[in-house]
Each structure stands twice: as C-alpha cells, then as structure tokens.
Asker: 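Structure incoming, see below.
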Amino acid sequence: MCGIVGYVGNKKAVPVLIDGLCCLEYRGYDSAGIAVIENNQLCVMKEKGRVDNLKAISGIDDLNSTIGIAHTRWATHGKPSQENAHPQIDNSNQFAVVHNGIIENYHELRDFLTQKGYHFVSQTDTEVIPNLIHYYYQNGITDEDKFLRAVKSAVDDLKGSYAIEVISNLFPNRLIVVRKDSPLVIGKGKGENFVASDIPAILSHTKDFYLLDDNEYAVIEGDSVHFFDNSLSEHSKAVRIIEWDATVVEKNGYEDYMLKEIYEQPNSIRETIGARLKLGEKCDFDDIAITKEYLNNIRQIYIVACGTAMHAGLVGKNAIEKLCHIPTQVDIASEFRYREPIIDDKTLCIYISQSGETADTIAALKLAKSKGAKTLAISNVMGSSITREADYTLYTHAGPEIAVASTKAYTSQVVLLIMLAIHLAEVLKSAQTEELEDLKSAILNLPAQLEAVLDETEEVKNFAKRIYSEHDMYFLGRGIDYCVAMEGSLKLKEISYIHSEAYAAGELKHGPIALIENGVTVIGILTNSHLVEKSISNLQEVVSRGAKTLVITNQKLNNTNFNTIINIPETNSLVSPILSIVPLQLLSYYISKNKGLDVDKPINLAKSVTVE
Ligand code: AGP
C-alpha cells in the first residue's frame, strides 16, 4: 500500500526521487521520506503528511547525492508520524531501508534483536529489516559480497510481503532490491537506473524495464543491474519495453486524474477492444487458447475480485450465463479465500484486478490453483503479481489509472468480460450468431456513445450542486442495473464520504423502504426494457414518500414525476453498464468537488490494497 522509488546514476537523486513519489502518492500519502548518501554518510529526511511537506524540508534541495531511496506511506503498523515514516535505519546509521508490504513476524524479530542489544525508535514492522541487515553484516558473514549476503540473510528471516530497497554508506554506489508479493520494477537508463513500485513513476526517464520476480534480488549500480535468485545464483533477465507515452501519467489540463480518466473512457474502451472484435468474424482470444474440450468439461465458473473489480465481475456473470449457460458465481476475494468454496478441475476461476496486486485476490487465485482449477487473470498492469500466478492472462489495456477511485478500469473490465463471454459462446456454439453479432456491434459503438454521454454533463453537475451536502443516498436498479447501482454507490462513498446503499429495486419493500423519508435522494438506473415498468413502480413508491430522484435511463419515460432524468444512448442491455455508470462516476466526482475534497486521494484509501 506504499510507494517506493530508488535511483542510482549520474544525476542528483533527490529531484528524481521526489518526482517519483509525487506519481506514487495514490499508493499512500500519510508520510514521505528519502535517504541518500551524502559525503559518505546516510542522510535521511522524512515528514508526516503529503510529499509536499517533504519537499518543504529545509536543505533537501541542497543534497547532491546521486543515489537514494524514497517512500510514501499508507500506515499499517504505527500511526502516521515522522518516526514511523520510511526510510527506517539501523542503530549504527549504516543501512537505510524502504519497504512496501507487511512483516508478519516482526514482534518475534524485534524480540530477537532486542536481546542482541538493538533498540527501536518507531512502531513500524519495517525497522527490524535494517537492524537485521546490520546484525548479519556484523555476524559470521565472511563472503566477498557481504552487503548482498547480509540483505539475503535478513530477508530469509522475514514472513509476510515486501518490496524492499536498501542502501548503505559502506557501499555508496549500490542499491539492493528484493520483492515478494509486493510490486517492484527496475527502469534501465544510460549510466543510471531507477526503481519504483509502479511503472508510471519512472516512465518519464525510461521505457526499458525489468519486472522483478518474487524472491529475486537485484544489485543495482549506475551502469549495471545484476539479478540473483533465492540462492544468490546470478542470472540474466530480459528487458521489457513499455510502449506507454509519458504523458499518460500527466493530468493533461484536467483538474484531477479522476476526471481525466472518466473522459479517457472512449479511448480506453477502444484499446480494450483492440483487434479482438470485428463484425462477421470470431472474437480473437488466441492468447488464452481455451479449447472446446476443456470448456465442455467445465461445470462452473467463479469470478473473484474486490471492490469495483468485483462489480465488473457481476456484469460478466450476466454475460457468461446468458451466452454460455455455464453457472457462474461472483465472489468477494476476501470471502472466497476463507469460505471453502467447492473447486475442482472442472472449475474455471476468473480473477479481476486493475492493479494485479490485491492481496486477497491473489490469495484466492492461489487457493483455486492448489485445488486443480484453471485460473484466468484480468488485469490492467503488465507483469503484475496476479498475471504471474494465473494460468492465463487477459490485459484490459486501459492505460495507467492513477485516481484511487476506479473508473476507466471498470468499464474496460466489463467490456473485456463481455468479449470473453462472446468468445466462450463461439467456442461452445451456445448462442445464436445473430445475437452475438448484435452484441459485437453494440460494443463497437460504445466509444462514440460514450463521447456523446460525456458531452452532456450539465444535468449531472446541477444535480450534484443540489445534493452535495446530504448524508445518505440510495441507488436502485434491477438485473444488470443493480450491478451498476452497486458500483455507483461505492464510487459515491469513496470520494464524497456520503453514506449510500445500493438495493435491487424489488427488495425495497422488504425492508429498505422504511428508510425513505421526505427529501432523501434516490438514484434509479433503468436501462432494461423488460424491467423498466417494474423499476418505475419502485421509484414511484419512493417519490410518493417525498424522495428526490435522479433517473438514468435509455428508455422513453412517459408521465413520470422524477426530479432529474439523464438520458443515455440505447444499446444492448448487456453493455448498458458501460454507458449508465458514466453519469454516476461524474455525479460522485462533482459532489466531491462541491464539498471541496481531494478527489484523487480520498481519506483512508490507497490505490492498491496489498494487505489483507
Ligand atoms: C475502486 O474505486 C476502489 N478503489 C477499490 O474498490 C478497488 O476496485 C479494489 O480495491 C480492487 O482493486 P484491484 O482492481 O486493483 O484489485
């Protein structure tokens, strides 16, 4: 949940580190720090709060070091404070460490080190790491490369997840990194090398990346990167060229990343569709080679994910069951992994994760693999942990998503899942060609329809102005519109801090209607012609109890008395979420702006949840 950056080369390290941290603030923003080696001494500067507070420390701009590590924190162990901020250093001031992840056995390790005479100044789990490195460096290691061996011995003692960077004034040109279950990439430059939790943080410096594997070490100097496996045998590693333009991680004139990402959706959907879909041709999913024999043998599909990705899975379930007739369950990853689901080799498990680093989703994937199921990952991040674990991977190609609230990743996940359902139906011959062609044409029309939705935003802005100071809201829908209601409600909670609930409209009478009182806001989503009359009746029930209503629809509504109606283009009901979610994304955005909140970095949340 934290962001780490590293640099070793021929330039001043501090500006590179600070720029990288600014790009990674979405991973954590309660404190930030850097360590560099200045005049052969470790120099650590850190501060509570945002990276801006770190930048303001007097003297930070005067540091001339060309090597350094940096961190932006999302607190797990120990409150946000200067002493708990990273880098953490050992008692002798010789080893500085930044860490993303959780050391589960840090109590034990602290006790061990305390007995050996070490003391601790923070409440973090991380502080054991530099002290363990120091301990092993002093004790019994006689090899030539004592630094790497000491880091490896310390890491061998750790239980949990970690991406770690270490520097030492004893080796002033060397940066050592290692990871397990937390992301870390190395950017290769000319006479300089970079490290980061995520590619975008260093994309302005290089497009050549090494994606570090679990339990793999790298020893990095300005003109070299050496890789070692868990037994410290050296091996070579191929560079991956990342074709993203550096501007994809800039705001490009938008006030916030979230707004930029909402407006990117016509293009991100084009990228997701890519060359997979053409009218009159079979969907192209050659990259996962799922055979008819295998599919005929499948008895059930699980779609497992967290948060927004899980909501995308709900739409995917509708598409797969409708087109392929395979029973499909959607599970929250943190529930799935502990509820002993029935999994065997006749089960296909699909895992959705924008970041590809979500701890619960990865654990749920490992569980299914251990029981013989085939696993398919859907992710937005190339080489992310989930893609390395899964049997098959599909990328959404939505481009980097920086805002904590997921928008374009959701719509891309939905499109990809529907295309996957079409593909499976084509392999199984389980749906009429006409039906599939109609759906393909609806998907191909989406970018233009999204542009139309994004051109008409006045009504949403006005509604947001009217209701932004409220405390509770309700989202109602039936069928696929209920899936969208859930996602709309999550978005609102996340960035506007307004309590909201999503209900299947038909459930209203079974309890929630007791909460509807004069003036409360209810948002209805009505896109399915078969269900529209029923949903209208449910909404009339709340109107007659004094609710203010916003309705998002692609249907012709006659004689209704809803306060605001937002019309969206008509489309196949399976793909309607991609259009109906957009006004809800914008509604949350404008409510948050009206409240004067930080849209991109909502309180208590981080972009990727790498802890349970
Ligand atoms: C989305 O707006 C949320 N920030 C959150 O629910 C997110 O979708 C969830 O944490 C899963 O993340 P992932 O897709 O990276 O696995």
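Counting convention: from 1, in listed order, for ligands and their atoms alike.
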Asker: Under 4.0 Å from any heavy atom of Ser406, which atoms of ligand 1 are there?
Answerer: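 Close to Ser406: 1 (C), 2 (O).
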
Asker: Should you measure from each heavy atom of Ala405, which atoms of ligand 1 turn up under 4.0 Å away?
Answerer: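 Contacts of ligand 1 toward Ala405, numbered from 1: 2 (O).
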
Asker: Give me the nearest non-hydrogen protein atom to atom 10 (O) of ligand 1 as residue plus atom name, then the distance to 0.1 Å.
Answerer: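 Here the closest protein heavy atom is Val609 CG2, 4.0 Å.
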
Asker: Does Tyr590 use its side chain to pair, donor to acceptor, with the backbone of Val460 at less than 3.5 Å?
Answerer: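 Here the side-chain-to-backbone pair does not exist.
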
Asker: For Lys48, does the NZ atom sit with more than 12 other heavy atoms under 6.0 Å from it, leaving out its own atoms?
Answerer: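 It does not: Lys48 NZ has 12 such atoms or fewer within range.
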
Asker: Keeping Lys493 on the side-chain end and Ser500 on the backbone end, is there a donor-acceptor pair under 3.5 Å?
Answerer: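 Between the backbone of Ser500 and the side chain of Lys493 there is a qualifying donor-acceptor contact (under 3.5 Å).
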
Asker: Between Thr396 and Asn380, is any side-chain donor less than 3.5 angstrom from a side-chain acceptor?
Answerer: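 Note: Thr396 and Asn380 side chains meet the donor-acceptor criterion.
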
Asker: Would Lys491 count as a contact residue for ligand 1, given that I'm defining contact as a non-hydrogen atom of the residue lying under 4.0 Å from a ligand atom?
Answerer: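 Per 4.0 Å heavy-atom rule, Lys491 contacts ligand 1.
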
Asker: Please check if the side chain of Ser81 supplies one atom and the backbone of Asn84 the other of a donor-acceptor pair under 3.5 Å.
Answerer: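 Such a contact is found between Ser81 side chain and Asn84 backbone.
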
Asker: Could you list which atoms of ligand 1 come closer than 4.0 Å to a heavy atom of Ala309?
Answerer: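 Answer for ligand 1: 8 (O), 14 (O).
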
Asker: Considering the heavy atoms of Gly307, write down every atom of ligand 1 situated less than 4.0 Å from one of them.
Answerer: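 What qualifies from ligand 1 is 6 (O).
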
Asker: Looking only at the side chains, is there a donor atom on one of Thr527 and Ser576 sitting less than 3.5 Å from an acceptor on the other?
Answerer: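 Looking only at side-chain atoms, Ser576 and Thr527 do form a donor-acceptor pair, the distance falling under 3.5 Å.
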
Asker: For a side-chain hydrogen bond (donor to acceptor under 3.5 Å, both in side chains) check, start with the C-alpha distance between Ser489 and Glu501, then their side-chain angles and the critical distance, and finish with the verdict.
Answerer: CA-CA 6 Å; Ser489 171; Glu501 302 281 348; over 6 Å; no

Asker: Looking only at atom types and distance, does a side-chain atom of Lys408 sit under 3.5 Å from a main-chain N or O of Pro400, one as donor and one as acceptor?
Answerer: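 A pair under 3.5 Å: yes.
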
Asker: Which residue holds the protein heavy atom closest to atom 15 (O) of ligand 1, what is that atom called, and what is the gap in Å?
Answerer: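 Here the closest protein heavy atom is Ser355 OG, 2.6 Å.
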
Asker: So is Val404 touching ligand 1 or not, going by heavy atoms under 4.0 Å?
Answerer: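 Flag set, Val404 near ligand 1.
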
Asker: Is Glu104 salt-bridged to Lys180, going by a charged N under 4.0 Å from an acidic O?
Answerer: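 So Glu104 does not pair with Lys180 through a salt bridge.
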
Asker: Distance under 4.0 Å to a non-hydrogen atom of Ser353: what atoms of ligand 1 satisfy this?
Answerer: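 In order of numbering, the contacting atoms are 13 (P), 14 (O), 15 (O), 16 (O).
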
Asker: Considering only protein heavy atoms, which is closest to atom 14 (O) of ligand 1, and at what distance to one decimal place?
Answerer: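 Sorting protein heavy atoms by distance from atom 14 (O) of ligand 1 puts Gln354 N, 2.7 Å first.
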
Asker: Under 3.5 Å, N or O to N or O, is Thr358 touching ligand 1 that way?
Answerer: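 N/O-N/O distance below 3.5 Å exists for this pair.
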
Asker: Among all protein heavy atoms, pick the one closest to atom 9 (C) of ligand 1 and tell me residue, atom and distance.
Answerer: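 Its nearest protein heavy-atom neighbour is Cys306 O, 3.6 Å.
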
Asker: Between Ile378, Ile362, Thr308, which one has a non-hydrogen atom sitting closest to atom 7 (C) of ligand 1?
Answerer: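 Looking at heavy atoms only, the winner is Thr308.
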
Asker: Under 3.5 Å, N or O to N or O, is Glu494 touching ligand 1 that way?
Answerer: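 Between Glu494 and ligand 1, an N or O pair is found under 3.5 Å apart.
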
